[in-house]
Amino acid sequence: MAETFMARILITSAIPYINGIKHLGNLVGSQLPADLFARYNRARGHEVMFICATDEHGTPAELAAAKAGKPVAEYCAEMHAIQSDIADRFGLSFDHFGRSSSDRNKALTQHFAGQLADNGYIAEVAEKQVYSNADGRFLPDRYIEGTCPNCGYDKARGDQCENCTKQLDPTDLINPRSAISGSTDLEVRETKHLFLRQSALKDQLDAWIDSKTDWPVLTTSIAKKWLHDGDGLQDRGITRDLDWGVPVKRGSEDWPGMEGKVFYVWFDAPIEYIAGTAEWADANGKSDADWERWWRTDKGADDVRYVQFMGKDNVPFHTLSFPATIMGSGEPWKLVDYIKSFNYLNYDGGQFSTSQGRGVFMDQALEILPADYWRWWLLSHAPETSDAEFTWENFQAGVNKDLADVLGNFVSRVTKFCRSKFGEEVPDGGSYGPEEQALISDLQSRLEAYQAHLDAIEVRKAAAELRAIWVAGNEYLQAAAPWAAFKTDPDRAAAIIRLSLNLIPVYAVLSAPFIPDASEKMLRAMKAETTAWPEQMHSALSMLSAGHAFEVPDNLFTKIEDASRMEWQERFAGTRA
RNA sequence: GGCGUGGUAGCUCAGCUGGUUAGAGCGCACGACUCAUAAUCGUGAGGUCGAGAGUUCAAGUCUCUCCCACGCCA
């Protein structure tokens, strides 16, 4: 064993909204790279806590439930089960996939609000808002329509007229009506809301962001912009007049004047990272101390490295709002150490669109190909530095070349050659010479580069290095040419094949964070006893000794035919069925 | 309109604090090999690094202006 330093790593992925199945752009922007990082760190022997959840509160969930003709709680429970199942089939190895509607999150959200209020970071603001008697609810700006007083456009929204772009106040509208029911039975009522005084924490946040010199520019530039743009960081409302959400309470106490209100979804959603860890403890018969050691720096979390994954649209909440909640609480909660943010993945020249059903959604992806194919392509093309582009041609080429030709075919040619010349066991005879030493040394340096990229969460670079590691096997085999050696010097061929067979379990372990299912098949075929990470190539490549039995596996990957590609291209171009 | 991020070979992308003939993979051409999923390996042809100006002994890499794409905000 080399170094045995064991770190503790807390990983969270931005939590997907509950209404509906996410598309591949959502997947590659948070959950998938988070899973890569979690799997890699577990493989290196670190202690990992990987948490995700569904984000269930807010108006869209209510509307989606209404559309489905179900009570919102029932709708959310069903959708959570569906999303959980799909995540599982994609190999997303969450330690827990929680729900922001959990009791744990309710209690924690109320707790944070109480702490913030005690510390003076909550302001109560009275505002006038439009109330719809027919709908029995307040109408947020965009749920009111009417005639624009400026240009006469009759479908102006409460916040802005789309026709003349003039900003409006809902009370400016002529003949206002509810966008939900169309009712004109509206009245202006005074209502009170809570605001998180982010502006009071601005300097603290600014200094904190400044201290994060190793963060991606995408992350810090967005944070800086919100901190300094215009009048600087603004206070934000954290409550809404809705039914579905965390009831507003000050800790466990009622909050006078806030009866019937709930916390706004952006306030309670990130708290679910903590609550989700508590849910993990509950689900696994653990104690509070077991989850608190990940989150409370006074209870063991001071040596935890906390890494968040998210798309760029989520950066403001994670660099400012959620940290403001943590800082303002005055309690020793763990702040994020590193934020890995992603740009968007575009689909065939346009955007993935949930509303238009454009692109490939997670369930559809698994209908047509195994998870590994998607995982590999998406991760090796992750939109790290700029928006990236999914095209079916690129996808087909990447999968066929990298997975089928380079990796899959390597396993195939080595195992089949061995079976035909030596039988299905690792052959004896010969010894490793200069060519073998050169390969081992090359792989050792590539291994170190691969690890460095994964440690730095450089996803695409890690994928490229992994691919180079696969290619090294083919290069070696081509140069060593055991099929030629076998005719004149069978012992030499045996040595070459012995090393080549040993490459397979090493490839399996190194590739597992990207393509866990194929890795599993490789290990099973080779009947490998250990799945330990190959810290040293020299020893890792002699794990399978002469006489070790194996089986020739079925082809690991099937190539994508042109006909299939064109069929899918057609199928996913338009509207989701 | 303001802000942000990009604009590097046909395609997808690397290029840190400026320094020899600008890199990788795919695709393409040619060659080698024949164990393997018509797979693999090698060689090569492709770029005035969005445009223009400036700083410098030296700029893809810094400054300014402009153009384009995408995104956010208003």
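A note on names: the letters A, B, ... follow the listed sequences, proteins ahead of strands, and every chain is numbered from 1.
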Would you measure the distance from the [atom1] atom in [N] across to the matching atom in [M] and give it in whole Å?
N      : M      : atom1 : value
B:rG27 : B:rU65 : C1'   : 38 Å
B:rC62 : B:rA14 : P     : 16 Å
B:rU17 : B:rU5  : P     : 14 Å
B:rA39 : B:rA24 : P     : 23 Å
B:rU40 : B:rA58 : P     : 47 Å
B:rA51 : B:rA69 : C1'   : 15 Å

*Do you know the tightest heavy-atom contact between A:L501 and A:L544?*
O-CD1, 3.8 Å
_Donor-acceptor pair present, A:Q478 side chain and B:rU40 base, under 3.5 Å_ = yes
*Determine whether any donor atom in the side chain of A:N409 lies under 3.5 Å from an acceptor atom in the base of B:rA36, or the reverse, and answer yes or no.*
yes
*Aromatic ring centroids of A:W377 and A:W392 under 6.0 Å?*
no
*For A:F514, is the NZ or CZ atom of A:R375 found under 6.0 angstrom from the centre of its six-membered ring and inside 45 degrees of the ring axis?*
no
Please confirm whether the shortest side-chain N or O distance from [X] to OP1 or OP2 of [N] is below 4.0 Å.
X      : N      : result
A:K559 : B:rA39 : yes
A:K461 : B:rG15 : yes
A:K401 : B:rA39 : no
A:R419 : B:rA36 : no

*So, A:D554 and A:K521, do they make that salt bridge, N to O below 4.0 Å?*
no
Between [X] ([atom1]) and [N] ([atom2]), how many Å, whole number?
X      : N      : atom1 : atom2 : value
A:N400 : B:rC11 : CG    : P     : 21 Å
A:Q396 : B:rU37 : CD    : P     : 20 Å
A:F342 : B:rU5  : CZ    : C1'   : 16 Å
A:W376 : B:rC26 : CH2   : C1'   : 13 Å
A:N474 : B:rG42 : CG    : C1'   : 13 Å
A:R460 : B:rU12 : CZ    : P     : 12 Å
A:E458 : B:rC16 : CD    : C1'   : 11 Å
A:R467 : B:rC41 : CZ    : P     : 8 Å

_The single option from A:V414, A:L439, A:V411 passing side chain to side chain contact (heavy atoms under 4.5 Å, CB included) against A:S500_ = A:V414
Any idea which of [options] is nearest the [X] side chain?
X      : options                : answer
A:W483 : B:rC33, B:rC11, B:rA36 : B:rC33
A:L477 : B:rU37, B:rA39, B:rC35 : B:rC35
A:R413 : B:rA36, B:rA39, B:rC41 : B:rA36
A:S412 : B:rU37, B:rU12, B:rC13 : B:rU37

How is [X] classified with respect to the nucleic acid when contacts are heavy atoms under 4.0 Å: base, sugar-phosphate, or nothing?
X      : answer
A:N555 : base
A:V471 : sugar-phosphate
A:A479 : nothing
A:F486 : nothing
A:L556 : base

_Donor-acceptor pair, distance only, cut-off 3.5 Å: does the side chain of A:D235 make one with the backbone of A:Q198?_
yes
*Mind jotting down which residue pairs meet the ring pair (Phe, Tyr, Trp, His ring centres under 6.0 Å) criterion with at least one end in residues 540-567 of chain A? Sequence neighbours excluded, please.*
A:Y373-A:F557
*asked:* By the rule that syn is within 90° of 0, classify the base conformation of B:rG46 as syn or anti.
replied: syn
*Mind telling me whether A:F486 and A:F417 have parallel, tilted or perpendicular rings, with 30° and 60° as the class edges?*
perpendicular
*Check the angle between the aromatic planes of A:F410 and A:Y507 and answer parallel, tilted or perpendicular using the 30° and 60° thresholds.*
tilted
*Taking the six-membered ring for Trp, does A:F417 stack with B:rC35 (centroid gap under 5.5 Å, planes within less than 30°)?*
no
*asked:* Using a 3.5 Å limit for the pairing distances, which stems of at least 3 consecutive Watson-Crick or G-U wobble pairs does RNA chain B take part in?
replied: B:1-7 with B:67-73, B:10-13 with B:23-26, B:28-32 with B:40-44, B:50-54 with B:62-66
